[in-house]
Participant: 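Dropping the structure in here first, questions after.
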Amino acid sequence: MSELLNFNYPPEPSTDRVTLFADVILPLPLPKLYTYRIPYEMNDEVLVGVRVIVQFGAKKVLSCIVADIHENAPADYQAKYILDVLDDKPIITKPQLRLFKWIADYYMCTLGEVINAALPSALKLSSESRIQLHPHYNPEEDELILAPQEEKIIFALNNNQALTFTEVGNLLQLKSYHKFIKSLIQKEAIIIYEQVSDKFSPKVVKKIRLTEHFVQEEGLLEELFNQLTPQPKQLDVLLNYLQLVPVHQDINLNYRGTEKSALTNNPHLSASSINTLIKKGVLEQFDQIVSRFPMEHGNQQLPMALSEHQLQAKDEILGLFKEKDTVLLHGVTGSGKTEVYIDLIKHALDSGGQVLYLLPEIALTAQIVTRLMKVFGDKLGIYHSKFSDNERAEVWQGILSGRFQVIVGVRSSIFLPFHDLSLVIIDEEHEPSYKQYDPAPRYNARETGLMMAHLQGAKTLLGSATPSIESYYNCKTGRWGLVSMTKRFGEAKLPEIELVDTRREQQRKNMHSHFSAKLLTEIEERLKRQEQVILFQNRRGYAPFISCDECSWIPKCKFCAVSLSYHKYNNELRCHYCGYHERMPHDCPACGATTLKSMGFGTEKVEDELKLMLPSAEVQRMDLDTTKKKNSYQQIISDFESGRTNVLVGTQMVTKGLDFENVSLVGILNADTIINFPDFRAHERAYQLFVQVSGRAGRKGKPGSVIIQTRDPLQPIFNKVRSNDYSTLYEHEIEERMRFGYPPFTRMIRITVKHADDKAAENAAIVLTKDLSDRLGKQQVLGPEVPYIFKIRNLFLQEIHIKLPRDSTNLKAAKSQIAQAIFNLKLLADFKGIRVVADVDPV
DNA sequence: AGCACGCCGACT
DNA sequence: GTCGGCGTGCTC
């Protein structure tokens with residue numbers, strides 16, 4: 001794998017002046033690469049994987065990635081020159097380029113789109129047109145006849161030296177500012193230039209140390225003390241510095257100095273005396289580039305020895321890796337998969353490769369990070385969407401430089417510049433959130449992670465308590481190895497699951513709003529015992545819709561075909577698809593009645609009502625609305641962990657990666673909305689969700705219980721959840737998938753046709769379906785059909801589903817047929833403004 | 001994706 | 001009559 005690090009163009013000692021060309025990936029959705037000429041002086045600097053600056057089109061200056069270097073001069077056009085090289089070493093590795101190519105091909109998008117998604121924007125360059133005064137123009141002397149707006153611009157430029165176009169717009173308070181710029185250019189008062197700026201800035205701290213002088217010569221320090229005795233404040237500063245940096249013990253310590261803030265933050269020291277000492281030349285100030293991540297040295301020890309089951313699982317995995325590249329670890333919730341991962345990561349590091357540990361967004365919590373930090377210390381990099389851009393760029397660079405050998409990260413970490421991977425771990429592999437839906441690339445991090453491992457000769461370990469049917473099928477057919485952990489760690493028991501028939505309870509008047517009497521008593525019971533409760537409701541907001549009692553009016557989104565959800569905390573009606581929101585009306589806009597009623601319920605209502613019914617309980621809600629701020633998520637978790645809150649109400653977020661020892665009850669308020677989902681994966685999903693939520697209950701000796709409220713307790717799925725019977729579920733599901741030709745027996749591609757006009761969308765979809773049927777065969781193409789939500793953001797939707805056979809040669813051909821069909825459709829005059837999106841392996 | 005060139009309505 | 005709308009088409 002290490003050949004991959006050596007990107008240098010073959011070092012031919014030839015004296016011939018070779019003319020080289022570079023094919024570059026522009027960060028734009030363009031179907032092909034563009035060829036630029038490498039200026040001779042840059043021949044040695046332009047390498048595959050570095051960023052270069054080029055001019056694209058009339059004036060746009062962009063940074064892009066070099067994908068290939070060759071000597072083939074383009075025949076039919078004059079290649080422009082590369083303007084500049086930004087990196088002295090590649091920031092994209094060769095295996096990465098191969099992977100990006102695969103992503104673009106497989107998920108039917110452009111390389112530019114992949115690059116765009118992959119690079120932290122701190123590594124992308126922004127080019128913005130700017131204006132400045134014409135070098136020969138002197139506003140004081142040269143008399144030009146200027147419009148008042150033009151005067152204004154010149155005045156601003158005199159003070160600012162440069163303005164961006166948007167700044168000019170703001171300055172003039174005008175949308176149509178262009179003509180003034182044009183006119184000023186004509187009058188030769190200003191010029192336009194393009195500026196490319198590298199946005200990545202390393203973090204710098206101000207530090208302070210003694211000047212060389214005092215350290216080098218013996219005795220000078222003592223002399224200094226005597227000198228400073230009349231200025232006690234300055235002496236204080238010096239003494240404090242020596243306390244922090246005992247230079248008298250080891251003069252070498254002075255070189256690193258101490259952070260200036262360590263002195264300035266000390267209330268006993270005066271800032272002015274610090275500054276005086278700097279002025280006197282006693283102390284000096286310097287900048288040091290530091291990491292945005294705290295350095296922590298892991299003790300390289302497992303925090304706890306593996307249990308017998310864990311050891312056995314680990315050995316089985318390692319054994320299987322000898323013959324197979326991929327292994328699925330099927331371990332019940334609470335079986336301690338994480339410890340097994342940690343052990344395997346250590347194992348992989350010992351043999352000298354890199355490791356990627358993928359987790360779904362909601363499972364990448366401080367809990368897991370702390371655990372990993374303890375073991376891997378500063379070898380561990382974290383890649384999370386909540387990170388700032390500079391932090392992400394630092395992780396990126398850290399992998400390239402070898403500083404990070406293990407990355408724990410979310411979906412997008414598959415884009416990171418690994419070049420020597422030896423192990424990829426994909427935890428919670430069944431998670432649908434590994435799939436990105438919008439925008440392109442519509443990739444699945446599970447499949448992509450597998451491909452990445454394959455390209456770099458690494459092993460892949462997938463883990464789940466509830467594997468996806470596709471993955472389990474791969475084990476059954478022998479392609480992957482399978483390892484099972486059936487026991488919970490520390491002999492903890494799997495939770496007892498109890499069903500409550502809400503329909504029957506309603507008849508018996510046992511329902512208090514959305515809570516059954518049973519659930520309420522059980523919650524009260526836990527509160528009494530100082531234990532904790534998690535309540536799951538798969539819907540945020542207060543109510544999914546409201547309705548007028550008099551006239552049945554229901555508020556709908558202006559842009560989407562959905563009803564607006566009611567959010568009580570800010571008294572708003574909100575669309576969960578486009579974000580449109582309005583104030584909750586006081587009375588019905590249709591009939592004027594004051595009888596607006598909320599229908600159904602979300603997490604907010606659960607929280608609200610529980611607080612009313614059990615006033616002694618400390619209830620906290622965790623969903624998208626309460627975790628928007630950067631630290632709010634962590635706050636909620638730590639409040640629950642410390643016991644400040646007793647009941648946690650939440651959406652999907654509460655189902656993953658959270659281990660709270662004191663949780664003895666989990667309630668699922670409305671199981672029916674989860675089961676009755678019109679999708680071939682609905683059963684699988686429901687099973688996974690129920691098992692995952694249930695898994696939050698009872699760890700370490702305390703048996704937990706789960707209460708599931710449903711109107712239909714006879715659903716067979718409940719028995720499978722109750723008895724933890726994955727294999728029955730699998731057998732049932734795989735049989736259905738075979739019968740109806742769903743994955744894993746086929747590959748699906750979903751084509752969505754969008755248009756502002758519903759008739760145009762429909763007609764275009766019909767035309768496209770016809771064309772696709774002709775190309776691929778009638779039985780492969782289903783639809784078009786109008787999706788359940790038929791309009792989003794003012795675009796009407798039509799869907800076509802394509803089912804393709806599994807083998808990959810046909811797959812490639814089929815995809816190019818599909819791309820052709822879409823291309824042709826867009827050429828048709830009747831459908832201008834049409835948007836077509838292909839989603840490969842939709843989830 | 002931008003951004004330029006190019007053909008039709010309301011204004012100095 | 002022009003300014004300016006945004007509709008197609010190209011960018012190495």
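A note on names: the letters A, B, ... follow the listed sequences, proteins ahead of strands, and every chain is numbered from 1.
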Participant: Report the residues that fulfil side-chain hydrogen bond (donor to acceptor under 3.5 Å, both in side chains) with N138(A), sequence neighbours left out, ordered by chain and then residue number.
Facilitator: none
Participant: Does Y580(A) have any side-chain hydrogen bond (donor to acceptor under 3.5 Å, both in side chains) partners at least two apart in sequence or in another chain, and if so, which?
Facilitator: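 For Y580(A), the residues satisfying side-chain hydrogen bond (donor to acceptor under 3.5 Å, both in side chains) (neighbours in sequence not counted) are K558(A), E582(A).
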Participant: Determine whether the aromatic ring centres of Y443(A) and F415(A) lie less than 6.0 Å apart.
Facilitator: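 Yes, they do, as the ring centres are separated by less than 6.0 Å.
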Participant: Got a sec, which residues hit salt bridge (Lys or Arg N to Asp or Glu O under 4.0 Å) with D105(A), two or more places apart in sequence or on another chain?
Facilitator: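 Scan of D105(A) (salt bridge (Lys or Arg N to Asp or Glu O under 4.0 Å), adjacent residues dropped) gives K101(A).
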Participant: Going by the rule side-chain hydrogen bond (donor to acceptor under 3.5 Å, both in side chains), which residues pair with Y137(A) if we only count those two or more places apart in sequence or in a different chain?
Facilitator: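 Y137(A) satisfies side-chain hydrogen bond (donor to acceptor under 3.5 Å, both in side chains) with no other residue.
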Participant: Honestly, is R392(A) close enough over Y383(A), meaning NZ or CZ under 6.0 Å from the six-membered ring centre and within 45° of the axis?
Facilitator: yes
Participant: Which atoms of nucleotides 6-12 of chain C (N or O only) lie under 3.5 Å from a protein N or O atom, and what are those distances?
Facilitator:
unit_1, atom_1, unit_2, atom_2, d
dT11(C), O3', G57(A), N, 3.0
dC12(C), OP1, Y36(A), OH, 3.3
dC12(C), OP1, G57(A), N, 3.3
dC12(C), OP2, K80(A), NZ, 2.4
dC12(C), O3', T35(A), O, 3.0
dC12(C), O3', K80(A), N, 2.6
dC12(C), O2, T35(A), N, 2.8
dC12(C), O2, Y77(A), OH, 2.4
dC12(C), N3, Y77(A), OH, 3.3
dC12(C), N4, K32(A), NZ, 2.7

Participant: Are any non-hydrogen side-chain atoms of I115(A) and T110(A) less than 4.5 angstrom apart?
Facilitator: no
Participant: Using atom names, set out every protein N or O paired with an N or O of nucleotides 10-12 of chain B below 3.5 Å, distance rounded to 0.1 Å.
Facilitator:
none

